[in-house]
Amino acid sequence: MVQLSSTLLYIAFILYLIGTFFFGGAIRDKRKERTGKNRWSQLGITTAIIGFLSQLGYFITRWIAAGHAPVSNLFEFTTFFGMMLVAAFIIIYFIYKISILGLFALPVALLVIAYASMFPREITPLIPALQSDWLQIHVTTAATGEAILAVSFVAGLIYLIRVVDQSKPSKRTFWLEVVMFCLITTLGFVLVSTSFGLADYEAKFTWIDKNKQQAEVVYDMPALVGPHEGKLTKESAGRFEPLVYMPAIINAKKLNTVIWSLIGGIVLYVLFRLVLRKRIAAALQPLVKNVSLDLTDEISYRAVAIGFPVFTLGALIFAMIWAQIAWTRFWGWDPKEVWALITWLFYAAFLHLRLSKGWHGEKSAWLAVIGFAIIMFNLVAVNLVIAGLHSYAGT
């Protein structure tokens, strides 16, 4: 069952990749998409649907094998997030029939799933705090809300690539390029993790955790940052010595992973710039030259209007109910709780500025991009680096 589950996930990944190329063909097709005669669009959405069904099969078979909803660790949660992003895209595609959304949404889903695959994939028993029906209620609803909000990011990114003047450097071109760099960094993380994995790199440290207890941690990348009062074990003698050691509150191993991801992202970004000889956003601009700005802006807004209440239910209301049951308090200022609140406040401000202050178009698109950046910071930095009650999600 576990092998079948993994195979279905691989099939979904390949189909999403193929679907991306089909949507790319749709952009080059001169026939109008709304006539229903664009065969590339039809191939793209059909492939995306089959890929989604394959990933849904992965989710169901893994659930059967594990005996609980497969959303209890970072691999499972992030994979589910990617699946729901594709589901949200498919629904929105049938409403608006816009192929360019698939050309950007599917690669984002691919990056999310590839990012997830770099973490341990073994099925492990649930810790006591997770042995509750509220696990699937809270986590799946929160992930679904974030996935719908991610579609808003995709539409906002398309809008910005279309309208930002790339003929001269400016603050707008700089920040848009920062967004492109962050996406490339995700790919850098995948490549760096795969490279050290193939090299079978391993370094063991003994260290002192936040409870003043001695523990052991295994690094699968050279330790640029080491654990609190860490020392290499005898069997790892000769391995790379950390340049600096972190306090116990910081998950040094995962911070080390983030740093290596940034290094990989920088290398990849430089290579792309050397090949393209222009900004990444400028290279993508010809693909979106025929995009309807009003339609793209509407999609971005509608995605937030739908995703925000779903996120509110999952990440705040259901989370508080579960926290009251599990820890006898509905709020505890855990880092994950704080960032969920920050995310909620940001999107509440987004809707307020949109509806009351008239922030449409480019301003709204920038807000959609910033909102997704907050979601990813919560997923990556808070889960991986900061120790808290939700640290189990980083395993």
Side-chain angles (χ1 to χ4, degrees), residues 1-16 51-87 109-144 146-147 186 189-190 193-194 196-198 200-202 204 215-221 251 253-254 257 314-315 318-319 322-323 325-327 336 378-380 382-385 387-395:
M1 188 67 73
V2 175
Q3 183 61 43
L4 174 60
S5 176
S6 299
T7 301
L8 289 171
L9 182 59
Y10 288 134
I11 291 172
F13 187 89
I14 293 170
L15 288 171
Y16 294 154
F52 171 76
L53 293 175
S54 178
Q55 193 171 357
L56 183 62
Y58 142 80
F59 183 77
I60 294 171
T61 52
R62 189 175 176 93
W63 191 331
I64 294 171
H68 58 79
V71 288
S72 61
N73 58 38
L74 197 54
F75 164 72
E76 294 175 342
F77 174 85
T78 309
T79 303
F80 180 78
F81 173 56
M83 181 177 74
M84 296 312 296
L85 197 164
V86 174
L110 284 167
L111 286 175
V112 168
I113 296 169
Y115 170 76
S117 69
M118 295 299 104
F119 296 96
R121 284 167 274 182
E122 296 81 10
I123 294 176
T124 56
L126 290 177
I127 65 173
L130 298 181
Q131 294 174 5
S132 168
D133 289 337
W134 286 102
L135 168 67
Q136 51 260 39
I137 297 172
H138 155 56
V139 180
T140 57
T141 309
T144 300
E146 290 179 345
T186 305
F189 166 76
V190 173
S193 298
T194 302
F196 285 117
L198 292 173
D200 200 26
Y201 184 90
E202 183 179 286
K204 293 183 179 180
E216 186 174 272
V217 62
V218 180
Y219 277 62
D220 48 17
M221 299 180 184
N251 190 318
K253 176 186 174 181
K254 290 168 182 174
T257 301
F318 292 158
W322 188 12
I325 295 171
W327 298 308
K336 191 76 172 175
N378 194 358
L379 177 63
V380 178
V382 177
N383 269 337
L384 294 187
V385 179
L389 289 173
H390 288 76
S391 294
Y392 56 79
T395 60

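FYI, side chains are in, hydrogens and waters are out, and symmetry mates aren't considered; it's all heavy atoms of this structure.
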Set out, in order, the CA-CA distance, both residues' side-chain angles and the distance that settles side chain to side chain contact (heavy atoms under 4.5 Å, CB included) for Leu9 and Ile113, then state yes or no. CA-CA 9 Å; Leu9 182 59; Ile113 296 169; 4.2 Å; yes
Please work out whether the ring planes of Phe81 and Phe77 are parallel, tilted or perpendicular, with thresholds of 30° and 60°. parallel
Parallel under 30°, tilted from 30 to 60°, perpendicular over 60°: which one fits the rings of Tyr58 and Phe75? perpendicular
What do you reckon, is OH of Tyr10 surrounded by more than 12 foreign heavy atoms closer than 6.0 Å? no
Closest non-hydrogen atom pair between [X] and [Y], with its separation:
| X | Y | value |
| --- | --- | --- |
| Ala114 | Ser117 | O-OG, 2.7 Å |
| Val190 | Tyr115 | CG2-N, 4.0 Å |
| Ile123 | Ala66 | CG2-CB, 3.6 Å |
| Tyr219 | Lys253 | OH-N, 3.4 Å |
| Leu379 | Thr78 | CD1-OG1, 3.8 Å |
| Trp63 | Ala69 | NE1-N, 3.4 Å |

Atom pair [atom1] ([X]) and [atom2] ([Y]), whose distance is rounded to the nearest 0.5 Å:
| X | Y | atom1 | atom2 | value |
| --- | --- | --- | --- | --- |
| Phe80 | Leu56 | CZ | CG | 9.5 Å |
| Leu110 | Leu85 | CG | CG | 10.0 Å |
| Asn73 | Arg121 | CG | CZ | 11.5 Å |
| Thr194 | Phe189 | OG1 | CZ | 8.5 Å |
| Met221 | Tyr201 | CE | OH | 11.0 Å |
| Gln136 | His68 | CD | NE2 | 10.0 Å |

Got a donor-acceptor contact below 3.5 angstrom from the Gln55 side chain to the Thr79 backbone? yes
Please collect all salt bridge (Lys or Arg N to Asp or Glu O under 4.0 Å) contacts where either partner lies in residues 56-72, sequence neighbours excluded, each pair once. Arg62-Glu76
